[in-house]
Number of protein chains: 2
Amino acid sequence: MNQRQPEPEHRPSSPRRGKDGDGAERHEAIYRSISDAIIEHRLKPGARLREDALSEVFGVSRTGIRKILQRLALEQLVTLTPRRGASVTRPTADEAKDVFDARQMIECGLMPEVARRITEEDVQELRTMARREREALRAGEQSTAIKLSAAFHARLARISGNATLADFVDRLCSRSSLILAVYGNAGHLGCESHDHDDLIGYLEAGNGERAAAFMSRHLKAIEASLSIVEEADEAPDLHRIFGG
Amino acid sequence: MNQRQPEPEHRPSSPRRGKDGDGAERHEAIYRSISDAIIEHRLKPGARLREDALSEVFGVSRTGIRKILQRLALEQLVTLTPRRGASVTRPTADEAKDVFDARQMIECGLMPEVARRITEEDVQELRTMARREREALRAGEQSTAIKLSAAFHARLARISGNATLADFVDRLCSRSSLILAVYGNAGHLGCESHDHDDLIGYLEAGNGERAAAFMSRHLKAIEASLSIVEEADEAPDLHRIFGG
DNA sequence: AGGTCATCTGGCGTATACAATGAAGGCCAT
DNA sequence: ATGGCCTTCATTGTATACGCCAGATGACCT
């Protein structure tokens, strides 16, 4: 009944494996590993990602790593400088503003349709996600909380039925995680309190307008909690600093 | 004469040029060549894009072609099926609806900010683009007109100053070109008449609300002009056809 | 002593070669 | 004659090897 794929043992240490279980799935797994590590801030903005180091860690050759890195670059999670390699993107203040403005427009605009389409099943799943997020936050697992928060917003957008916009929201949420890593204050993380639960309530009641307004405030609150101080590490302007 | 050769540039007779002027720019040029060919409908949806054929045409090895193909796949201009190769994406009716809904939300939502930020210089450039588009349309150069129309919308979005949303609009416009290729009626192309000129007028007057409403109607008109008849070439449902 | 230049090295970019897989066509059996 | 199976081929996917450029370090000159 189950045609078992010859996958059960993967040899991580042996680079000499002629037969690979399923390359595509393996690549997808590696992609998610790196993506999660970035979103969870285990890889901090500015961290360099050397190709052969990654290829050795994951047991695939540089070719596959390059493909994954390029995909991440197109999603703007990593920056690829022409002959210097890959590094985790360090968002600028302008990019942060753009991302949150975009989220305002898209996520709020999606709320009415979400309220129209949401099912009881969706509500259950969202409540579970919100609960897990709160638990993680209470347990001090900020990395997990950030990831769950992004996943919540992404899941919400997908209910709208518009796959294209949902994909956009996915990417905006990923980038928001990066922005929180750079500009967020520790201990004052976004999406705290019971905002997500309240939002679910409005959606469950079918009140799309209210949900949109609430989402707007929610995002504004997150953005306002950022301490966007453009660190002018470039050209520190010694004259101004030392009064010269 | 149907024998189209998408060879934009000569190929230097020697494929063995180890000394390349600039690889990155060359790749970018190839990317734009293929992208333009798709947007201009010189490569029609469903057309297969074999890697070695492309590599031979452009004089680079398959490695570079793969990178470009994957980038196009992430932008959903080409579809990459696991071991069958690349082909120009054939959008489904659902995708078409999603894309136009997304354009409604983003492009209309951007209009107020565009009206606020637009400069005299922008106005001049947009008018030039609109004029060239009309000229192309009148000359019967549909390919050029489609490309210029997409470029107009993309340029408009970029005035908003939000690079992230402008990138989204870029991709939506590219995909719209594909959609027009599949579902559009010949001779009744979108963005005809003087819609674009009227839009520029509203923006120049700083009337963002009016511009947004006009853009909404404009996009609705394009979408309405499509003949979305889902050709069920997949699984013709012989039972129903033959009453079996 | 400080600045500048040459050299050296580490890492990326590209091309080529090999292996695996899906598709198509031919052959045989019924 | 037709349907199923097997062989063959074409095409992608992956790995490896080589070349080039940027950064760093050290020495030499001013």
Side-chain angles (χ1 to χ4, degrees), chain A residues 3-7 9-31 34 43 46-74 78-89 233-234 238, chain B residues 11-31 33-34 43 46-74 78-89 234:
Chain A
Q3 57 267 25
R4 191 171 300 266
Q5 294 180 356
E7 182 271 335
E9 58 149 6
H10 54 40
R11 290 159 296 179
S13 59
S14 147
R16 172 70 60 190
R17 32 120 80 67
K19 68 193 278 268
D20 203 313
D22 190 338
E25 282 189 16
R26 172 159 275 278
H27 279 175
E28 185 70 18
I30 296 173
Y31 163 78
I34 299 178
L43 282 171
R48 297 193 46 147
L49 302 171
R50 286 188 300 116
E51 290 181 357
D52 37 4
L54 290 172
S55 73
E56 188 176 358
V57 166
F58 289 105
V60 298
S61 94
R62 268 182 51 211
T63 311
I65 295 295
R66 289 180 70 79
K67 191 161 63 176
I68 294 167
L69 247 32
Q70 278 167 15
R71 178 171 167 194
L72 287 166
L74 256 66
V78 312
T79 303
L80 239 49
T81 58
R83 271 168 192 104
R84 294 258 221 65
S87 58
V88 179
T89 299
D233 47 2
E234 315 265 1
L238 298 176
Chain B
R11 181 163 66 88
S13 53
S14 110
R16 172 71 59 187
R17 38 132 32 90
K19 193 78 178 146
D20 206 311
D22 190 336
E25 282 189 17
R26 176 154 203 79
H27 278 173
E28 185 70 18
I30 297 172
Y31 162 78
S33 286
I34 300 178
L43 284 171
R48 296 193 45 157
L49 302 170
R50 285 186 303 114
E51 291 180 358
D52 38 5
L54 290 172
S55 72
E56 188 175 358
V57 166
F58 290 106
V60 297
S61 95
R62 268 182 52 215
T63 311
I65 296 294
R66 288 180 71 78
K67 191 161 63 174
I68 294 167
L69 246 34
Q70 278 167 14
R71 178 172 168 193
L72 288 166
L74 257 67
V78 311
T79 303
L80 239 48
T81 59
R83 272 178 187 96
R84 293 261 222 63
S87 59
V88 180
T89 299
E234 313 264 3

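Note on naming: letters A, B, ... go to the chains in the order of the sequence lines (proteins, then strands), and numbering restarts at 1 for each one.
The side chain of A/Arg50 sits closest to C/dC12 out of C/dC12, D/dT16, C/dA15. With D/dG13, D/dT14, D/dG23 as the choices, the nucleotide that has an atom nearest any side-chain atom of A/Arg84 turns out to be D/dG23. Ranking D/dT11, C/dG11, C/dT14 by closeness to the A/Arg62 side chain, first place goes to C/dT14.
In this structure, B/Glu51 atom CD and C/dT14 atom P are separated by 15 Å, rounded to whole Å. Note: CZ (B/Phe58) to P (C/dT14) measures 16 Å, nearest angstrom. The nearest whole Å value for the distance from the CG atom in A/Asp52 to the C1' atom in C/dG10 is 9 Å. If you measure from atom CD1 of A/Ile65 to atom P of D/dT16, you get 13 Å, rounded to the nearest angstrom. One atom, CD of A/Glu56, and another, C1' of C/dG11, lie 14 Å apart when rounded to the nearest Å. Counting to the nearest Å, the P atom of C/dG13 and the CD atom of A/Gln70 are 8 Å from each other. Separating the CG atom of B/Leu54 from the P atom of C/dA15 is a distance of 14 Å, rounded to the nearest angstrom.
Here A/Arg50 does not pair with A/Glu56 in a salt bridge; the nearest charged N to carboxylate O distance is not below 4.0 Å.
Side chain to side chain, A/Thr79 and A/Ser87 fail the donor-acceptor criterion of an N or O pair below 3.5 Å.
At least one side-chain nitrogen or oxygen of A/Lys67 sits closer than 4.0 Å to the OP1 or OP2 atom of D/dT14. OP1 and OP2 of D/dG13 both lie 4.0 Å or more from every side-chain N or O belonging to A/His27. Taking side-chain N and O atoms only, A/Arg66 has no distance below 4.0 Å to OP1 or OP2 of C/dC12.
Inter-residue side-chain proximity for B/Leu43 and B/Leu49 is flagged as met; some heavy-atom pair is nearer than 4.5 Å. A heavy-atom distance below 4.5 Å is not found between the side chains of A/Ile68 and A/Leu54.
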